[in-house]
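Here is the structure we will look at.
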Number of protein chains: 2
Amino acid sequence: MKGIFKSHADTNLIDLGGGTTRRILSWNDQLMLVEVGFEAGAAGAPHTHPHVQSSYVLSGKFRYAVEDESVEMNPGDSIVVPGGLVHSCECLEAGKLLDIFTPAREDFVK
Amino acid sequence: MKGIFKSHADTNLIDLGGGTTRRILSWNDQLMLVEVGFEAGAAGAPHTHPHVQSSYVLSGKFRYAVEDESVEMNPGDSIVVPGGLVHSCECLEAGKLLDIFTPAREDFVK
């Protein structure tokens, strides 16, 4: 079909180490959805990229930092991170984030 | 903070009628997250817009159509709809979609 459909069952679970996993969900050049799983205590190290990112909490509890400020995030909470800002997160209770990028993170699918 | 954080508790539930609701979550000009609730049997009528859209099933079951094809979507399933394509959905079991747009749907916040 002309829409890019991705069944969750057809995604691959990628073990990133350190208690984190990644599944690439549906994407095209302009928009990419990525499910990121975290064990309690696991972290996304501070990093930056030119892509605009949003994170939506599917489950669990996180402390999410952008530059020098952080916020606690619970299921249903969301954040948009403008391109180029340093961001990171720490998982306080095991769960999953839905990360969304525009444009797509081509480095994830090379 | 420099990230645009939105607590789910601080979002407004908008009744769109016909068994559908909308909550605008975090957004900036380039990326907008929107939670859309559906009662069973409710529908998103066929429409089109230049924005690229993705829909992620948070809960429930949907039949989602893009142009002349459709697919059944369950929790965790996702779809990207390129800009300009006619799309619609029918809710088969009550639930919620997370709709993501790039750029933002300015018409939602006027």
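First the proteins, then the strands, lettered A, B, ... as listed; each starts at 1. Here the structure is a predicted model, which means the values were calculated and not measured.
- Heavy-atom neighbours of chain A within the stretch residues 18-35 of chain B, taken at a separation under 4.5 angstrom, comprise B/Leu25, B/Ser26, B/Trp27, B/Asn28, B/Gln30, B/Leu31, B/Leu33, B/Glu35.
- Considering every non-hydrogen atom in both A/Gly3 and B/Pro82, the closest pair reads CA-CD, 4.4 Å.
- Among the candidates B/Gly76, B/Pro75, B/Ser78, B/Ala65, the residue making the largest number of heavy-atom pairs closer than 4.5 Å to chain A is B/Ser78.
- Below 4.5 Å, heavy atoms of chain A meet heavy atoms from B/Ser54, B/Tyr56, B/Leu58, all part of residues 54-63 of chain B.
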Kindly indicate, with the supporting measurements, whether the criterion side chain to side chain contact (heavy atoms under 4.5 Å, CB included) is fulfilled by A/Lys2 and B/Val81. CA-CA 7 Å; A/Lys2 291 178 183 170; B/Val81 182; over 6 Å; no
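- By the rule that hydrophobic residues join a cluster once side-chain heavy atoms approach within less than 4.5 Å of another member, A/Val71 and A/Leu92 end up as members of separate clusters.
- Contacts between residues 4-11 of chain B and chain A, defined by a heavy-atom separation under 4.5 Å, are made by B/Ile4, B/Phe5, B/Lys6, B/Ser7, B/His8.
- Side-chain heavy atoms closer than 4.5 Å link hydrophobic residues (I, L, V, M, F, W, Y) into clusters, and following such links, possibly through other members, connects B/Tyr64 to B/Leu85.
- Interface residues of residues 94-110 of chain B toward chain A, defined by a heavy-atom distance below 4.5 Å and sorted by number: B/Leu98, B/Ile100, B/Thr102.
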